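Owing to the predicted nature of the structure, the values given are computational and were not obtained by experimental measurement.
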Amino acid sequence: MDGRWQPAPGETPFEILGGEPTIAAIVERFYDAMERDEPALAALHVQDPPGRVSRQSRDNFRLFLCFWLGGPRDYLERRGHPMLRARHAPFVVDVAMRDAWLRAMATALDEVGIHGEIRAFLDARFAHVADFLRNVDG
């Protein structure tokens, strides 16, 4: 172990956060923050009315996040393996887009009131994945 906090054995971040209701709140605030503060990032998503990330995108991300954080496997059953790199390959994911995504997520976590050890854990995991998804330099 590297000294960073981890959930206790048998405990998942999904459970620590309060399950699907909390994940749903994070997702809604994430996309709201993206639309408000990161329009270039929002423009990469399927939109219902212009400027509004689609309900389907929001629901897909909610299912993914529940699964990724140790909750129900509904995402896998409906959409298959996440294949994050392949799903993001059609888009330019540079440092600016990575950072925009992380800012929107930080805003969402702040607005939902996620703090302490679980927040540090999530910040580190999100930063790792966001950087992994970069597909161009700069």
**Message:** With a 4.5 Å cut-off on side-chain heavy atoms, are L133 and M97 touching?
**Reply:** no
**Prompt:** Once you round to the nearest 0.5 Å, how far does CG of L102 lie from CG of L41?
**Reply:** 10.0 Å
**Pairs touching residues 90-106 that satisfy side-chain hydrogen bond (donor to acceptor under 3.5 Å, both in side chains), sequence neighbours left out** = E38-R103, R98-D131
**Asked** Roughly how far apart are E28 CD and F61 CZ, rounded to 0.5 Å?
**Response** 11.0 Å
**Message:** Does this structure show an ion pair linking E35 with R58, if we count only N-O contacts that are shorter than 4.0 Å?
**Reply:** yes
**Prompt:** Is R36 salt-bridged to D32, cutoff N-O under 4.0 Å?
**Reply:** no
**Request:** Output all residues satisfying ring-ring contact (aromatic ring centres under 6.0 Å, His included) with F121, sequence neighbours left out; order by chain, then residue number.
**Result:** W5
**Prompt:** Which atom names give the shortest non-hydrogen contact between A108 and I26, and what distance separates them?
**Reply:** CB-O, 3.5 Å
**Request:** Hey, could you give me the CG/OH distance between N60 and Y75, rounded to the nearest 0.5 Å?
**Result:** 6.5 Å
**Item:** Side chain to side chain, L109 and F126, heavy atoms closer than 4.5 Å
**Value:** yes
**Message:** Would you say that V53 contacts V46 through its side chain, given a criterion of any heavy-atom pair below 4.5 Å between the two side chains?
**Reply:** no
**Item:** Gap between atom CD1 of I114 and atom CD1 of I16 - 0.5 Å precision
**Value:** 11.0 Å
**Complete:** So CG of L69 and CD1 of I23: to nearest 0.5 Å the spacing works out to 5.0 Å
**Separation of R73 CZ from F67 CZ (nearest 0.5 Å)** = 5.5 Å
**Prompt:** When you measure from the side chain of T22 to the backbone N and O of L17, does any donor-acceptor pair fall under 3.5 Å?
**Reply:** yes
**Request:** Find out whether V93 and V136 are in side-chain contact, i.e. whether some heavy atom of one side chain is under 4.5 Å from a heavy atom of the other.
**Result:** no
**Request:** Would you check if E111 and R29 make a side-chain contact, meaning some heavy-atom pair closer than 4.5 Å?
**Result:** yes
**Asked** Can you find a heavy atom in the side chain of P13 that is under 4.5 Å from one in the side chain of I118?
**Response** yes
**Prompt:** Going by the salt bridge (charged side-chain N to carboxylate O under 4.0 Å, His left out) test, which pairs reach into residues 10-26, not counting sequence neighbours?
**Reply:** E20-R62
**Message:** Restricting to non-hydrogen atoms, name the atom on A104 and the atom on A33 that form the minimum distance, rounded to 0.1 Å.
**Reply:** O-CB, 4.0 Å
**Prompt:** So do F14 and C66 actually touch side chain to side chain, heavy atoms under 4.5 Å?
**Reply:** yes
**Item:** Any side-chain heavy-atom pair of Y31 and R52 under 4.5 Å
**Value:** no
**Request:** Verify the cluster assignment for V129 and V95: are they in a single hydrophobic cluster under the rule of side-chain heavy atoms below 4.5 Å apart?
**Result:** no
